Amino acid sequence: MPPDAVMIFAAGFGTRMGALTANRPKPLIHVAGEALIDRALTIAKEAGFSRIVVNLHYLGDQLATHLQGSGVSLSWERDQILETGGGLRAALPLLGPGPVATLNPDVVWTGVNPLCALRAAWNPAKMDALVLLMPTAQAIGHPGPADFSLAPDGRIARAAVGPGFLYPGAQIINPIGLADIKEDAFSLNRLWDRQIAAGRAYGLIHRGGWCDVGRPEGIALAEALLAARVTHGG
């Protein structure tokens with residue numbers, strides 16, 4: 001069966017947003033009249049996940065108030081931000097056993113629901129990770145280098161120099177290896193590297209548009225992407 005729990009990462013400081021996050025957490029920034037966290041919740045709910053967990057730290061009380069009545073569970077990181085790996089591990093009692101999906105809220109998607117696509121392609125017999133991929137040439141608002149390369153059999157590797165694929169912030173992952181990592185705060189890259197080495201990390205190309213909203217200029221870029229979707233019916 002596909003995973004039934006999803007983790008939305010919402011604890012970060014959002015420092016790249018500058019003054020926009022001085023008094024509010026980044027997931028409460030609006031794009032086209034809707035908070036980023038609400039866009040992420042819509043994706044998770046439309047994909048059919050029954051358990052949704054959001055982690056909180058920076059200005060978390062604002063997010064907690066905003067999420068009242070939404071049916072999500074809150075994973076508080078009160079003492080320190082635990083990063084993606086530590087945050088996911090801390091939330092496992094709320095997420096339940098087995099593989100889980102994760103979603104970054106500071107992006108905007110068009111096209112196929114990313115979590116629906118991942119659930120449909122998930123194969124636990126051969127996968128410990130299935131990460132969504134975006135060709136770097138099609139990624140809006142993210143000028144950085146590629147994260148991964150994609151083999152013909154669907155397995156991923158760390159990207160070499162040249163064109164490749166960006167990780168756009170959605171995946172399904174088996175978290176079992178998190179228990180072996182001693183640090184409290186760490187990136188999920190630690191677990192990905194192990195899964196890649198074991199040949200159990202796969203990629204799936206997103207069929208649609210994507211925009212990073214990690215910087216102030218990303219808001220206008222994302223709104224333009226959404227407007228183009230409406231204009232062209234995509």
Side-chain angles (χ1 to χ4, degrees), residues 6-44 46-47 54-55 57-59 63 81 83-84 87 101-118 131-150 156 158-171 187-189 192 203-234:
V6 57
M7 171 87 170
I8 299 176
F9 292 114
F13 290 104
T15 52
R16 293 182 301 158
M17 277 294 189
L20 292 176
T21 50
N23 298 301
R24 62 175 165 174
K26 183 166 60 172
L28 290 183
I29 288 175
H30 282 65
V31 170
E34 186 176 7
L36 288 169
I37 189 66
D38 293 335
R39 291 183 174 278
L41 288 176
T42 296
I43 289 171
E46 287 182 349
V54 176
N55 67 338
H57 178 80
Y58 177 64
L59 300 177
L63 267 172
I81 289 180
E83 303 183 43
T84 50
T102 76
L103 185 66
N104 295 354
D106 57 348
V107 300
V108 165
W109 309 83
T110 63
V112 176
N113 181 309
L115 294 183
C116 286
L118 288 166
V131 302
L132 213 60
L133 300 173
M134 193 75 192
T136 54
Q138 299 174 27
I140 300 173
H142 189 96
D147 297 308
F148 298 110
S149 61
L150 183 65
I156 59 171
R158 291 294 181 180
V161 176
F165 296 91
L166 173 77
Y167 172 64
Q171 67 168 330
S187 169
L188 275 175
N189 281 296
W192 281 343
L204 178 70
I205 298 173
H206 174 56
R207 305 300 179 183
W210 177 89
C211 182
D212 184 10
V213 194
R215 301 177 185 275
E217 58 269 25
I219 297 174
L221 292 172
E223 290 177 340
L225 175 66
L226 293 171
R229 176 198 62 183
V230 172
T231 301
H232 299 294

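None of these values were measured; they are calculated from a predicted model. Because only heavy atoms are used, hydrogens play no part in the values below, and waters and symmetry mates are left out as well, while side chains stay in.
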Under a 3.5 Å distance rule, please check whether T136 uses its side chain to pair with a backbone N or O of A146 as donor and acceptor. no
If every non-hydrogen atom of I81 is compared with every non-hydrogen atom of G12, which pair is closest and at what distance? CD1-CA, 3.9 Å
At what distance, to the nearest 0.5 angstrom, does CD of E223 lie from CD of E34? 11.5 Å
Before we go on, tell me: are the rings of F165 and F148 under 6.0 Å apart, centre to centre? no
On a heavy-atom basis, which atom in P25 and which in L63 lie closest, and how many Å separate them? CG-CG, 3.8 Å
Using side chain to side chain contact (heavy atoms under 4.5 Å, CB included) as the criterion, point out the one residue from I156, L204, D147 that pairs with L133. I156
Any non-hydrogen side-chain atom of S149 less than 4.5 Å from a side-chain atom of R158? no
Stepwise side chain to side chain contact (heavy atoms under 4.5 Å, CB included) check, R39 with L226: CA-CA 12 Å; R39 291 183 174 278; L226 293 171; 3.5 Å; yes
The single option from V54, N55, L103 that satisfies side chain to side chain contact (heavy atoms under 4.5 Å, CB included) with F9 is N55
Would you name the heavy atoms of V107 and N104 that are closest together and state the gap between them? CG2-O, 3.6 Å
Do L28 and L59 have side chains that get closer than 4.5 Å, going by heavy atoms? no
How would you list all residue pairs meeting salt bridge (charged side-chain N to carboxylate O under 4.0 Å, His left out) that involve residues 18-30, not counting sequence neighbours? K26-D106
Looking only at atom types and distance, does a side-chain atom of Q171 sit under 3.5 Å from a main-chain N or O of T102, one as donor and one as acceptor? no
Using the side chain to side chain contact (heavy atoms under 4.5 Å, CB included) criterion, which residues pair with A139? Sequence neighbours excluded. M134, L166, W210
Taking side-chain hydrogen bond (donor to acceptor under 3.5 Å, both in side chains) as the definition, give me every residue that meets it alongside S187, ordered by chain and number, with sequence neighbours left out. N189
Excluding sequence neighbours, so at least two apart, what forms salt bridge (charged side-chain N to carboxylate O under 4.0 Å, His left out) with E217? none
Considering all heavy atoms of both residues, which atom of A170 and which atom of P114 are nearest to each other, and what is their separation? CB-CB, 4.2 Å
When every non-hydrogen atom of V112 is compared with those of A117, the smallest separation belongs to CG1-CB, 4.0 Å
For E46, check side chain to side chain contact (heavy atoms under 4.5 Å, CB included) against everything at least two apart and list the hits. T42, N113
Sequence neighbours left out, what passes side-chain hydrogen bond (donor to acceptor under 3.5 Å, both in side chains) with H142? Give chain and number order. D212
Check: H206 side chain, P135 main-chain N or O, donor-acceptor pair, under 3.5 Å: no
Which atom of L132 lies closest to which atom of W109, heavy atoms considered: CD2-CZ3, 3.5 Å
